[in-house]
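Chain letters run A, B, ... following the sequence lines, proteins first, then strands; residues in each count from 1.
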Protein chains: 4
Amino acid sequence: MPESTCRNAHERTIAIPADRNAEPAASRTAVVSRTGPKRSESIRLAVLHAADDLLVERGFNGVTIEGIAARAGVAKQTVYRWWKSKVDILLDTLADDARDALAWRGGGEDAEAELKAQLRRIAGFFQQPAGQVLRALLGHAQTDQATARALREGFLREQRERDLLGLRAVLERHTGRPVPEPTVDTLLSVLLGPLYYQALVHDAPPAPELLDATARHVLDLAVRTDAPKPGQAAAT
Amino acid sequence: MPESTCRNAHERTIAIPADRNAEPAASRTAVVSRTGPKRSESIRLAVLHAADDLLVERGFNGVTIEGIAARAGVAKQTVYRWWKSKVDILLDTLADDARDALAWRGGGEDAEAELKAQLRRIAGFFQQPAGQVLRALLGHAQTDQATARALREGFLREQRERDLLGLRAVLERHTGRPVPEPTVDTLLSVLLGPLYYQALVHDAPPAPELLDATARHVLDLAVRTDAPKPGQAAAT
Amino acid sequence: MPESTCRNAHERTIAIPADRNAEPAASRTAVVSRTGPKRSESIRLAVLHAADDLLVERGFNGVTIEGIAARAGVAKQTVYRWWKSKVDILLDTLADDARDALAWRGGGEDAEAELKAQLRRIAGFFQQPAGQVLRALLGHAQTDQATARALREGFLREQRERDLLGLRAVLERHTGRPVPEPTVDTLLSVLLGPLYYQALVHDAPPAPELLDATARHVLDLAVRTDAPKPGQAAAT
Amino acid sequence: MPESTCRNAHERTIAIPADRNAEPAASRTAVVSRTGPKRSESIRLAVLHAADDLLVERGFNGVTIEGIAARAGVAKQTVYRWWKSKVDILLDTLADDARDALAWRGGGEDAEAELKAQLRRIAGFFQQPAGQVLRALLGHAQTDQATARALREGFLREQRERDLLGLRAVLERHTGRPVPEPTVDTLLSVLLGPLYYQALVHDAPPAPELLDATARHVLDLAVRTDAPKPGQAAAT
DNA sequence: CACTAAGCGAGACGGTACGTCGAGTCTTCCG
DNA sequence: CGGAAGACTCGACGTACCGTCTCGCTTAGTG
């Protein structure tokens with residue numbers, strides 16, 4: 001659970017610089033005795049909240065390190081000590097907030113209802129502050145390689161894994177049979193595509209009809225794809 | 001065909017100075033004959049190309065008005081005279097370049113092949129410079145209201161109309177019957193969603209399998225939705 | 001009566017061959033055929049007044065060619081056609097306005113009263129718009145060679161001549177004898193020095209006592225300097 | 001001795017942060033101990049010298065904040081941090097340089113010689129860089145209220161006090177009696193008027209004869225004004 | 001307990017870009 | 001040709017943040 005991509009991040013959790021960068025790993029334990037005060041958790045939270053608030057209030061460009069520091073009542077250098085950019089801060093925010101909001105709550109009910117509920121949850125997520133953060137980061141990632149990479153290898157990868165797990169469970173409950181990985185992968189894109197498309201491109205929650213239709217289609221496809229002729233499996 | 005969202009835009013295309021300053025609004029067309037030198041088209045193009053190049057080379061944040069002016073070999077003030085921001089310039093770029101790349105070329109062939117070809121064209125578009133521009137603008141629009149609005153009411157609205165027309169034609173050719181508007185609308189989102197999702201979120205071209213599957217699903221749905229029992233119709 | 005120091009100035013006067021510079025007076029009327037409309041006198045006045053007004057309202061830096069043109073309701077290029085800078089315009093203004101305000105009105109009364117009246121007139125001049133113009137130009141001349149030169153060789157030289165004439169007349173009436181040039185010159189500086197000093201340095205009208213004292217001193221000095229022993233004569 | 005009219009000025013000379021931000025005015029002296037790096041004196045001097053040099057080389061209009069910053073090898077923002085305009089900088093320059101150049105060096109010799117020496121010193125001052133600065137500021141003050149005010153309430157007031165002290169000392173030595181304030185004041189204007197007049201209006205050092213004559217007149221007047229009938233006292 | 005390494009607030013500094021203003025030149029069209 | 005209109009280049013304005021740095025205080029282990 002790397003909440004910060006910053007170099008110093010680990011120092012917060014582990015007092016003795018541990019797995020950091022492998023190279024200067026040698027004479028570490030001996031030399032670095034690490035005295036002095038610990039990183040203030042309240043500062044960390046103040047910064048994350050300040051960033052979040054500013055993003056919601058003023059948009060991505062309205063978020064500045066100086067603004068965050070000012071609003072968090074913290075010195076600029078303190079921010080730079082722990083994060084290397086505002087993107088870095090927002091990634092932390094995301095990690096803290098988004099996981100729960102996008103979790104698959106496996107209700108025991110019927111698969112279709114559960115799937116629709118999950119879609120509605122995701123659609124709602126984009127309206128919340130944490131959703132704004134994701135949108136901002138995805139937006140920035142469109143033209144910033146570093147952000148794209150960090151998102152892809154961090155939050156997006158993990159989220160996709162959670163989604164795959166969740167969706168597979170639903171599909172298997174629905175079809176009563178195991179569903180192969182590639183199929184789930186494709187179906188996940190079919191499922192999420194229209195949702196993200198509406199959120200990111202049309203800046204509007206998808207119509208309930210679209211959500212329902214999508215959910216039904218996916219379940220339908222799972223049944224059919226999964227059927228007798230397995231050679232028809234789709235891919236990524 | 002507003003290629004510039006700037007106040008003066010119309011003067012270029014329309015000879016009669018339109019929405020300029022509101023005060024002397026009266027006897028306009030007659031009195032103000034607009035003397036003096038005309039806007040230089042070569043400068044306009046130089047600026048659009050400079051912006052495009054910089055975007056591709058350095059990303060959205062690497063695009064600055066000063067940078068554009070410098071690369072276009074033009075004074076900064078000249079840029080500000082015609083565009084009010086870099087977003088405004090990129091919107092112009094988009095209008096000039098994207099329409100063609102996303103046009104539905106109605107091949108007489110079978111509907112499925114045509115649909116797949118169109119999807120492939122769109123997927124390819126995101127790899128081109130003009131696609132980069134769209135991605136950048138969509139990205140910026142995530143947290144900038146003004147950009148979001150301009151995109152939505154300009155390029156996106158027009159493009160969606162063209163897409164609706166194109167998709168309807170394909171569907172009707174495929175089903176052999178007229179297809180109601182709401183259905184086309186929903187199907188368009190089903191069709192484009194996964195595509196945009198892959199491009200914007202995963203920064204990767206969608207797998208051919210996904211494209212094919214999506215195309216097939218949509219045609220399939222059109223047939224079924226369109227069928228005898230009209231109560232099953234999907235919506236926006 | 002050089003109303004404009006601009007290169008193009010002749011074009012105006014050549015049209016109406018006037019009293020301008022005496023040298024090229026010959027082949028004037030014959031050679032210059034001069035077609036097209038004549039320079040508009042109303043525009044000239046509009047520009048001068050606009051400049052004057054702006055100076056009084058906004059100070060020297062508030063005077064801009066564009067501002068003048070706008071207020072005069074004239075195209076910028078028209079201003080540039082006839083004057084080469086705002087200084088040039090203000091010099092014109094000065095020539096038109098200041099002469100009268102600073103004229104020595106030879107009252108037949110006693111010399112001391114006349115001198116004091118003249119001093120009061122000069123002191124009052126600095127409060128008027130034309131006085132503002134002179135102050136502005138003198139101010140600018142402190143660090144601008146071209147302005148300094150133009151002022152010195154134009155208005156200041158002429159004004160000093162008029163002052164010398166006026167003062168000599170007064171002194172001779174007072175002493176009843178001719179007064180040598182160098183003496184008048186020195187006394188003029190003694191007379192005007194404190195006045196200009198108060199106006200330019202302390203930005204305040206000189207106290208009446210100072211004016212009176214100065215006037216009396218100068219008359220006194222004229223009597224004494226002028227006296228039997230000529231070795232005591234002062235110089236430039 | 002305020003060498004800078006800028007808000008932060010006091011922090012340099014006085015250790016206790018003075019008039020900075022008004023809000024946390026309470027427990028000031030105790031709590032806010034002003035940490036962080038101190039203002040760089042070398043930068044301050046580099047800026048003042050750069051301004052001075054540019055003024056001499058290029059005139060008042062040739063002095064720009066950007067030019068100063070560039071020549072001083074300093075970031076523009078650093079200049080703006082400490083001075084709010086180029087006038088502000090020049091005022092600082094003046095305070096640093098002019099005082100000494102215009103000081104009354106009380107030689108024990110006879111009063112007339114001392115007075116003449118002082119006049120010659122002042123005349124010489126206008127030829128030096130610091131004199132250029134004063135001329136430039138006086139020039140600018142002709143049409144800029146803020147500059148006029150700053151000069152009047154700062155340098156000019158202080159200098160006039162020093163001059164009054166110096167002149168009174170000379171006069172009292174000369175006459176052997178105390179000289180009343182109003183008399184000294186008037187005589188100072190009589191003394192300096194022609195000098196400043198020559199420097200500011202005619203841009204030329206006053207003729208030695210004028211200096212000598214002025215010095216003699218003033219001493220003469222002091223003797224006479226000061227004489228038996230005290231009702232004759234002059235004023236400002 | 002003193003030492004010392006960090007955390008931290010404060011802010012100076014060199015930069016880059018912003019968006020605006022005016023200067024002065026040039027171009028086009030009208031009368 | 002005079003003049004209106006205004007496009008254009010250029011230079012400076014004053015501002016906002018950037019990211020780095022230096023100071024001096026405070027705080028918590030460790031020796």
Can I get a per-line list of side-chain donor-acceptor pairs under 3.5 Å for residues 60-70 of chain B, giving both atom names and the distance, sequence neighbours left out?
from   : atom 1 : to     : atom 2 : distance (Å)
T64(B) : OG1    : G67(B) : N      : 2.8
E66(B) : OE2    : K76(B) : NZ     : 2.9

Polar side-chain contact [X]-[N] base: donor and acceptor under 3.5 Å:
{"X": "Q77(A)", "N": "dC21(F)", "result": "yes"}
{"X": "R81(C)", "N": "dG3(F)", "result": "yes"}
{"X": "K76(A)", "N": "dG19(F)", "result": "yes"}
{"X": "T35(B)", "N": "dC29(E)", "result": "yes"}

Take atom [atom1] of [X] and atom [atom2] of [N], then tell me their distance rounded to the nearest Å.
{"X": "I65(C)", "N": "dG3(F)", "atom1": "CD1", "atom2": "P", "result": "15 Å"}
{"X": "W83(A)", "N": "dC18(F)", "atom1": "CH2", "atom2": "C1'", "result": "18 Å"}
{"X": "K84(D)", "N": "dC13(F)", "atom1": "NZ", "atom2": "P", "result": "15 Å"}
{"X": "K38(B)", "N": "dT28(E)", "atom1": "NZ", "atom2": "C1'", "result": "6 Å"}
{"X": "N61(C)", "N": "dC21(E)", "atom1": "CG", "atom2": "P", "result": "16 Å"}
{"X": "I68(C)", "N": "dG22(E)", "atom1": "CD1", "atom2": "C1'", "result": "12 Å"}
{"X": "E41(C)", "N": "dG3(F)", "atom1": "CD", "atom2": "P", "result": "11 Å"}
{"X": "R39(A)", "N": "dA28(F)", "atom1": "CZ", "atom2": "P", "result": "17 Å"}

Identify whether any heavy atom of G73(A) sits under 4.0 Å from a base atom; if not, whether one sits that close to sugar-phosphate; answer base, sugar-phosphate or nothing.
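Since only primed, P, OP1 and OP2 atoms lie under 4.0 Å of G73(A), the category is sugar-phosphate.
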Say whether, by atom type as modelled, one donor and one acceptor occur between the side chain of D52(D) and the main chain of L48(D) under 3.5 angstrom.
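Side chain of D52(D) to backbone of L48(D), a donor-acceptor pair under 3.5 Å: no, none is there.
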Within the distance-only criterion (no hydrogens, no angle test), does the side chain of D144(C) pair as donor or acceptor with the backbone N or O of H140(C) below 3.5 angstrom?
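Judged by distance alone, no pair lies under 3.5 Å.
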Just compare dG24(E), dT9(F), dA7(F) and give me whichever is closest to any side-chain atom of Y80(C).
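My answer, after comparing the listed nucleotides, is dG24(E).
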Toward the 5' end of DNA chain F, which comes first, V74(C) or E66(B), by nearest nucleotide?
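Here V74(C) is the residue nearer the 5' end.
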Kindly say if W82(D) contacts the phosphate of dC13(E), meaning a side-chain N or O under 4.0 Å from OP1 or OP2.
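It does, given that an N or O in the side chain of W82(D) lies less than 4.0 Å from OP1 or OP2 of dC13(E).
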Going by the rule salt bridge (charged side-chain N to carboxylate O under 4.0 Å, His left out), which residues pair with R58(B) if we only count those two or more places apart in sequence or in a different chain?
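Residues passing salt bridge (charged side-chain N to carboxylate O under 4.0 Å, His left out) with R58(B): none at all.
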Face-on cation placement of R44(A) at W82(A) ring, 6.0 Å and 45° thresholds
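Negative - R44(A) is either too far from the ring of W82(A) or too far off its axis.
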Whichever of T78(D) and P37(B) has its nearest DNA chain E nucleotide further upstream toward 5'
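Its nucleotide being nearer the 5' end, the pick is T78(D).
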I want to confirm an ordering. Mapping I43(D) and I43(A) to their closest nucleotides on DNA chain E, which one lands closer to the 5' end?
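Looking at the nearest nucleotide for each, I43(A) comes out on the 5' side.
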